[in-house]
Amino acid sequence: MARIGIAAGHTRRTDGERLYEHQRCHMAAEVVADLARMAGHEVVVVPEQVYDLTNDASLRRRVQLFNHAATDYNIELHLNAGGGSYSTTIFFPGSEEGEYLATDIEDAVHLVCPWKSIGQQDQTYFDRNLHFLMSTRAPSVIVEPGFKDNVMHREWMDSDRFAPEYAAAVFVGIASYGLTQG
């Protein structure tokens, strides 16, 4: 079984849409962690006090935590913004294992999201350098199942179905990835 780092993006020490994103993803991350534990994985979760730090300080601590714990792979849950209408899972370019993990998770996320998937993408697709992906030692992914500013996506994110569906999809991706690693 794997040692998996699971985190929610952003922190409680913010407001507006970032706080909304953190709160929704935190609920889903807790469910993913529970499902992974029940499946026999060792789960490294972020201590609650780390989510009370500023966004940058919390991000650095999450990366340090996962690197120190020698995780096998890491997953950070997010929500997208900027007017799009798709899901994606992002990995570090050149990380073959990160790409496999992203593919398995995105394939599962796409099953719960009725909108299109642009598939797994390395961070350069978005012209981004994401600290979580660049600084974790183990293969890592950022999951973005939809857009906070898309009415249809937001309806799902606001629903009681969101956390269990998002978490179940991520867990199915973990299980699929685990089958290929065995």
Side-chain angles (χ1 to χ4, degrees), residues 1-11 21-48 50-51 55 58-80 87-93 95-113 117-123 125-126 128 130-146 157 162-182:
M1 288 294 142
R3 177 178 290 159
I4 308 168
I6 299 174
H10 305 297
T11 71
E21 179 178 351
H22 173 75
Q23 291 169 334
R24 302 307 289 169
C25 291
H26 189 274
M27 289 187 324
E30 289 179 331
V31 177
V32 173
D34 288 344
L35 291 169
R37 281 188 202 99
M38 286 188 285
H41 296 287
E42 182 180 343
V43 178
V44 178
V45 295
V46 177
E48 286 302 312
V50 172
Y51 290 126
N55 192 63
S58 176
L59 178 57
R60 287 190 301 273
R61 292 287 300 277
R62 292 190 302 264
V63 167
Q64 289 171 348
L65 171 70
F66 294 158
N67 286 343
H68 180 75
T71 53
D72 295 310
Y73 53 93
N74 307 298
I75 301 163
E76 190 166 74
L77 305 184
H78 279 268
L79 302 174
N80 216 332
S87 66
T88 189
T89 301
I90 306 167
F91 63 95
F92 188 75
S95 171
E96 189 173 289
E97 292 304 315
E99 183 173 3
Y100 293 150
L101 176 61
T103 299
D104 288 343
I105 290 175
E106 185 57 27
D107 286 351
V109 167
H110 182 59
L111 295 174
V112 300
C113 298
S117 165
I118 62 168
Q120 77 286 351
Q121 299 293 333
D122 76 50
Q123 67 180 2
Y125 178 87
F126 302 100
R128 311 255 331 255
L130 300 166
H131 183 73
F132 184 77
L133 300 178
M134 294 173 54
S135 300
T136 48
R137 292 185 193 124
S140 299
V141 299
I142 294 174
V143 186
E144 295 187 329
M157 292 170 193
F162 171 74
E165 288 179 359
Y166 186 12
V170 170
F171 176 72
V172 166
I174 289 169
S176 179
Y177 177 74
L179 291 174
T180 64
Q181 302 309 302

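This chain uses plain numbering: 1 for the first residue, then up along the sequence.
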### Heavy-atom check, side chain of F132 versus side chain of S140, under 4.5 Å
yes
### Task
For the residue pair V32 and I75, establish whether any side-chain heavy-atom pair is separated by less than 4.5 Å.
no
#### Entry: Smallest separation among heavy atoms of A108 and V172, with atom names
CB-CG1, 3.8 Å
### Message
Would you compute the distance between atom CE of M38 and atom CG of D34 and round it to the nearest 0.5 angstrom?
### Response
6.0 Å
### Query
Hey, does L59 have a side-chain heavy atom less than 4.5 Å from the side chain of S135?
no
### Task
Count the heavy atoms of every other residue, nucleotide or ligand shown that sit under 6.0 Å from CZ of R37, and state whether that count exceeds 12.
yes
### Task
Could you tell me the separation between the OG1 atom of T71 and the NE2 atom of H41, rounded to the nearest 0.5 Å?
13.5 Å
### Message
Please report the interatomic distance CD1(I6) to OH(Y73), rounded to the nearest 0.5 Å.
### Response
8.0 Å
### Query
Is the backbone N or O of E99 less than 3.5 Å from a side-chain atom of T103, with the two atoms forming a donor-acceptor pair by type?
yes
### Query
Taking D122 for the side chain and P93 for the main chain, is one N or O donor matched with an acceptor at less than 3.5 Å?
no
### For the student: nearest non-hydrogen atoms of G98 and P139, plus distance
N-CB, 3.7 Å
### Task
Would you give the length of the straight line joining atom NE2 of H10 to atom CD of Q23, rounded to the nearest 0.5 angstrom?
12.5 Å
### Query
What are the two closest heavy atoms between S117 and H110, and how far apart are they?
CB-ND1, 3.3 Å
### Summary
The side-chain contact (heavy atoms from CB on, under 4.5 Å) partner of I142 among N80, N74, L133 is L133
### Query
With respect to H78, which candidate in R24, E144, E21, H22 satisfies the side chain to side chain donor-acceptor pair (under 3.5 Å) definition?
E21
### Query
Does some side-chain heavy atom of R128 sit less than 4.5 Å from a side-chain heavy atom of I90?
no
### Closest contact, heavy atoms only, C25 versus Y166
SG-CE2, 4.2 Å
### Query
When you measure from the side chain of Q123 to the backbone N and O of L130, does any donor-acceptor pair fall under 3.5 Å?
yes
### Query
Under 3.5 Å, side chain of T89 to main-chain N/O of Q120, donor-acceptor pair present?
no
### Message
Working to the nearest 0.5 angstrom, can you tell me the gap between M27 CE and F162 CZ?
### Response
7.0 Å
### Query
Just wondering, more than 12 heavy atoms not from R3 lying within 6.0 Å of its CZ?
yes
### For R62, the option from T136, V44, V46 that meets side-chain contact (heavy atoms from CB on, under 4.5 Å)
V46
### Task
Could you walk me through whether E97 and Y177 pass side chain to side chain contact (heavy atoms under 4.5 Å, CB included), step by step?
CA-CA 9 Å; E97 292 304 315; Y177 177 74; 2.9 Å; yes
### Among V109, T88, V112, side-chain contact (heavy atoms from CB on, under 4.5 Å) partner for P145
V109
### Query
Hey, what do you get for CD (E106) to CG (L101), rounding to the nearest 0.5 Å?
11.5 Å
### Query
What are the two closest heavy atoms between V43 and A36, and how far apart are they?
CG2-CB, 3.6 Å
### Query
Does D72 use its side chain to pair, donor to acceptor, with the backbone of I4 at less than 3.5 Å?
no
#### Entry: For the student: nearest non-hydrogen atoms of V143 and I105, plus distance
CG2-CG2, 3.8 Å
